[in-house]
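Every chain is numbered from 1 and lettered A, B, ... according to where its sequence line falls, protein lines coming before strand lines.
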Protein chains: 2
Amino acid sequence: MRAIAAEVGVQAGALYNYTPDKQSLLFDLMQSHLTELLAAVPDTRDAEPRTRLRKLVEFHIRFHDARREAVFIAYMELRNLTDVNFARIEELRRRYEDHLEQILRDGVASGDFRVQDTKIATLAIIAMLTGVNTWFRAGGRLSLDEITGQYWDLVRNGVAADG
Amino acid sequence: MRAIAAEVGVQAGALYNYTPDKQSLLFDLMQSHLTELLAAVPDTRDAEPRTRLRKLVEFHIRFHDARREAVFIAYMELRNLTDVNFARIEELRRRYEDHLEQILRDGVASGDFRVQDTKIATLAIIAMLTGVNTWFRAGGRLSLDEITGQYWDLVRNGVAADG
DNA sequence: GTCTATAATCCGATAGAC
DNA sequence: GTCTATCGGATTATAGAC
């Protein structure tokens with residue numbers, strides 16, 4: 001709380017005019033992050049499964065790169081949530097995962113994708129995509145667009161029906 | 001330190017007969033974990049790239065599942081290492097990544113794999129595999145062998161030359 | 001709404017008896 | 001090698017002046 005106060009430019013006690021306690025502040029940060037994530041998911045219902053999957057891959061990498069700090073907190077501070085707040089956050093996270101899983105399900109049904117278990121593929125793909133944040137730094141050897149293209153190749157081939 | 005002492009069954013002060021300070025204890029834990037990881041990497045130099053990759057995927061998931069606590073600490077406590085210790089740990093981690101990247105390079109050279117950038121594919125695959133730890137619990141819907149098989153399908157197709 | 005001051009608690013680490 | 005006791009400092013949160 002002192003570090004946050006210093007960043008904002010006030011004393012620690014003044015923060016308690018804006019949040020009842022540290023737990024609420026942490027929960028609100030995570031909830032806002034995931035709510036904004038859900039609101040920003042591209043609506044691709046009318047497109048083909050491959051296009052929908054590509055759009056989601058591109059969106060996920062872009063969105064998470066643009067909010068590195070929030071993503072970092074959302075992962076590292078999970079264990080500091082109360083049981084009730086943890087359950088709420090997990091529910092939002094599950095709803096995001098459902099967007100991807102639905103695309104995979106539709107792609108399997110249409111014959112575009114071949115995946116044994118869409119839930120496992122969902123978790124695998126999300127972990128892979130989110131991992132970009134742990135090493136990517138702007139100005140490196142490759143641009144984020146180039147990296148996104150390569151991740152898309154891995155995902156596309158990974159779930160392709162003609163693999 | 002007090003929590004560790006309680007777990008071991010001694011008072012907090014007694015721990016300092018075994019470690020000079022908390023930083024050294026944390027570093028030793030991470031270093032041991034990664035050293036054991038490197039020592040346990042299967043030697044598959046004489047096998048075909050596809051077999052080598054499959055063996056590494058199976059090894060990675062098995063090894064990390066068997067050491068959930070160490071893996072958790074190795075990720076969550078990274079930011080609490082001094083700069084010098086952080087560099088040492090990153091060097092060990094890089095050496096592990098090199099095992100996978102060499103397999104991918106050899107597979108690309110032999111025509112078995114098609115990957116634009118082996119370094120990116122390495123990081124993507126490792127993030128995907130390590131992610132299993134965040135959700136897998138023994139006794140669930142699928143066994144770890146079944147899950148490993150599905151991750152292998154995703155990896156195999158992802159880097160396949162005939163995708 | 002912000003400040004200073006402080007309460008209550010927790011932390012890593014040390015000192016010294018045994 | 002472990003204990004008790006404690007130091008010095010950090011933490012979250014509150015109280016009360018302005």
Asks: Side chains of B:Gln102 and B:Asp98: donor-acceptor distance under 3.5 Å anywhere?
Replies: no
Asks: Regarding A:Asp145 and A:Ser143, is there a side-chain donor-to-acceptor distance under 3.5 Å anywhere?
Replies: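 Short answer, no.
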Asks: If you look only at pairs with a residue in residues 11-20 of chain A, which of them pass as a salt bridge (Lys or Arg N to Asp or Glu O under 4.0 Å), with sequence neighbours excluded?
Replies: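 Of all non-adjacent pairs touching residues 11-20 of chain A, none passes salt bridge (Lys or Arg N to Asp or Glu O under 4.0 Å).
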Asks: Scan nucleotides 11-18 of chain C nucleotide by nucleotide, 5' to 3', and note B when protein non-hydrogen atoms come under 4.0 Å of the base, S if they reach only the sugar-phosphate, - if neither.
Replies: BBBB----
Asks: Return the minimal non-hydrogen interatomic distance between B:Thr118 and B:Thr122, and the atom names on each side.
Replies: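 Residues B:Thr118 and B:Thr122, closest heavy atoms: O-OG1, 2.7 Å.
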Asks: So if I take every side-chain heavy atom of A:Gln11 and compare against C:dT4, D:dC3, C:dG1, which nucleotide ends up nearest?
Replies: C:dT4
Asks: Roughly, in whole Å, what's the span from OH in A:Tyr18 to C1' in C:dT2?
Replies: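 It works out to 8 Å between those atoms.
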Asks: Minimum heavy-atom separation for A:Ile125 to A:Val159, with atom names?
Replies: CD1-CG1, 4.2 Å
Asks: Taking the axis from the first five pairs and the axis from the last five, what angle separates them in the helix from C:dG1-D:dC18 to C:dC18-D:dG1, rounded to 10 degrees?
Replies: 10°
Asks: Using side-chain hydrogen bond (donor to acceptor under 3.5 Å, both in side chains) as the criterion, list what pairs up with A:Asp28, not counting sequence neighbours.
Replies: none
Asks: Check ring pair (Phe, Tyr, Trp, His ring centres under 6.0 Å) between A:Phe59 and all other residues, then give those that pass, not counting sequence neighbours.
Replies: A:Phe63
Asks: Among pairs that include at least one residue of residues 93-141 of chain B, which meet ring-ring contact (aromatic ring centres under 6.0 Å, His included), considering only residues two or more places apart or in two chains?
Replies: B:His60-B:Tyr96
